Amino acid sequence: NDPANWSPAVPNQPGAIALFGPLTGPLLDVVLEDGPATVGEIQFFGPGVVTITGSETLTLAAGELCGLPRILVDAEAPTPLLDLTIGGNQGLEKVGGGAVDLHGTLVYTGPTEISQGALLLGPSTLLPNEPIIVQEEALLDVSLHPIYALGAQQLLAAAEKDIAAGNFE
């Protein structure tokens, strides 16, 4: 992975897997600015801290993969920060025991499913007005919002009552 930009070494097609693993070093700042990128899954394995920013859109598209496009964060990995526009039309699934911190604009359509670990939302980041599903052992953290208002058509479905951190309206 190129620390200056989303490089040819990082896949850029529906269903592709972008892996940020142990070889990324202690800190990796990836900038998406030379054009949009498309992946089916992003995987983060420690020990390095990864930040992905940019003025271009990161599109999540499962392609031939089954299910929703995924963000996988290993339980041992530091929390990656994604501060850019995330698009797509198949939703998003958060898997793996770690947390991911979303601080950009989320314009994808389809459900948001938090199957494992935690999905943290920055103070101005809102999930799309689509269903939100939080499985047992998972967490939706909106604690950086004074009050997180669900959209008019938005449904929050949870496997247990302690699935969220923050104030919902």
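These numbers come from a predicted model, not from an experiment. Note that the numbering runs from 1 along the sequence shown for the chain.
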Original post:
Do side-chain atoms of T125 reach the backbone of H103 as a donor and acceptor pair under 3.5 angstrom?
Top reply: yes
Subject >> Verdict with supporting geometry, N129 and L150, side-chain contact (heavy atoms from CB on, under 4.5 Å) >> reply: CA-CA 8 Å; N129 192 8; L150 294 173; over 6 Å; no
Subject >> Nearest non-hydrogen partners of P69 and A61, listed with the distance >> reply: CG-N, 3.9 Å
Original post:
Does some side-chain heavy atom of L92 sit less than 4.5 Å from a side-chain heavy atom of I71?
Top reply: yes
Subject >> Test side chain to side chain donor-acceptor pair (under 3.5 Å) applied to Q116 - qualifying residues, sequence neighbours left out >> reply: none
Original post:
If you take all heavy atoms of P123 and L144, which pair is closest and at what distance?
Top reply: CB-O, 3.7 Å
Original post:
Is there a side-chain contact (heavy atoms from CB on, under 4.5 Å) between L84 and T53 once you walk through the steps?
Top reply: CA-CA 5 Å; L84 73 168; T53 60; 5.6 Å; no
Original post:
Atom CD in E56, atom OG1 in T85: separation rounded to 0.5 Å?
Top reply: 9.5 Å
**OP:** Could I get the full list of side chain to side chain donor-acceptor pair (under 3.5 Å) partners for S115, not counting sequence neighbours?
**Re:** E93, E113
Subject >> Over all atoms of both residues, closest heavy-atom pair of A62 and G67 >> reply: CB-O, 3.6 Å
**OP:** Taking the side chain as every heavy atom from C-beta outward, state whether F44 and L19 have any atom pair closer than 4.5 Å.
**Re:** no
Subject >> Audit row: I114, Q135, side-chain contact (heavy atoms from CB on, under 4.5 Å) steps and yes/no >> reply: CA-CA 6 Å; I114 306 152; Q135 300 293 346; over 6 Å; no
**OP:** Kindly compute the distance separating CD1 (I52) from CG (L102), expressed to the nearest 0.5 Å.
**Re:** 10.5 Å
Original post:
Going by the side-chain hydrogen bond (donor to acceptor under 3.5 Å, both in side chains) test, which pairs reach into residues 66-75, not counting sequence neighbours?
Top reply: E41-R70
**OP:** Indicate yes or no: at least one non-hydrogen side-chain atom of L140 is less than 4.5 angstrom from one of V142.
**Re:** yes
Original post:
Any chain of hydrophobic side-chain contacts (each under 4.5 Å) joining L81 to L106?
Top reply: no
Original post:
Which residue, D141, T112, D101, forms the side chain to side chain contact (heavy atoms under 4.5 Å, CB included) with L119?
Top reply: T112
**OP:** Could you grab the distance from atom OH of Y148 to atom CG of L127, nearest 0.5 Å is fine?
**Re:** 4.0 Å
**OP:** Working to the nearest 0.5 Å, report the span between CZ of F20 and CG of L72.
**Re:** 13.0 Å
**OP:** Kindly indicate whether the side chain of V39, heavy atoms from C-beta on, has any atom under 4.5 Å from the side chain of L60.
**Re:** yes
Original post:
With distance as the sole test, does Q90 use its side chain to make a donor-acceptor pair with the main-chain N or O of L68 at under 3.5 Å?
Top reply: no
**OP:** Apply side-chain contact (heavy atoms from CB on, under 4.5 Å) to Y108 and N89, showing your working.
**Re:** CA-CA 5 Å; Y108 63 86; N89 62 9; over 6 Å; no
Subject >> Interatomic distance, I86 atom CD1 to L58 atom CG [nearest 0.5 angstrom] >> reply: 5.5 Å
Subject >> Pairwise distance CG(L120) to OG(S143) - rounded to 0.5 angstrom >> reply: 7.0 Å
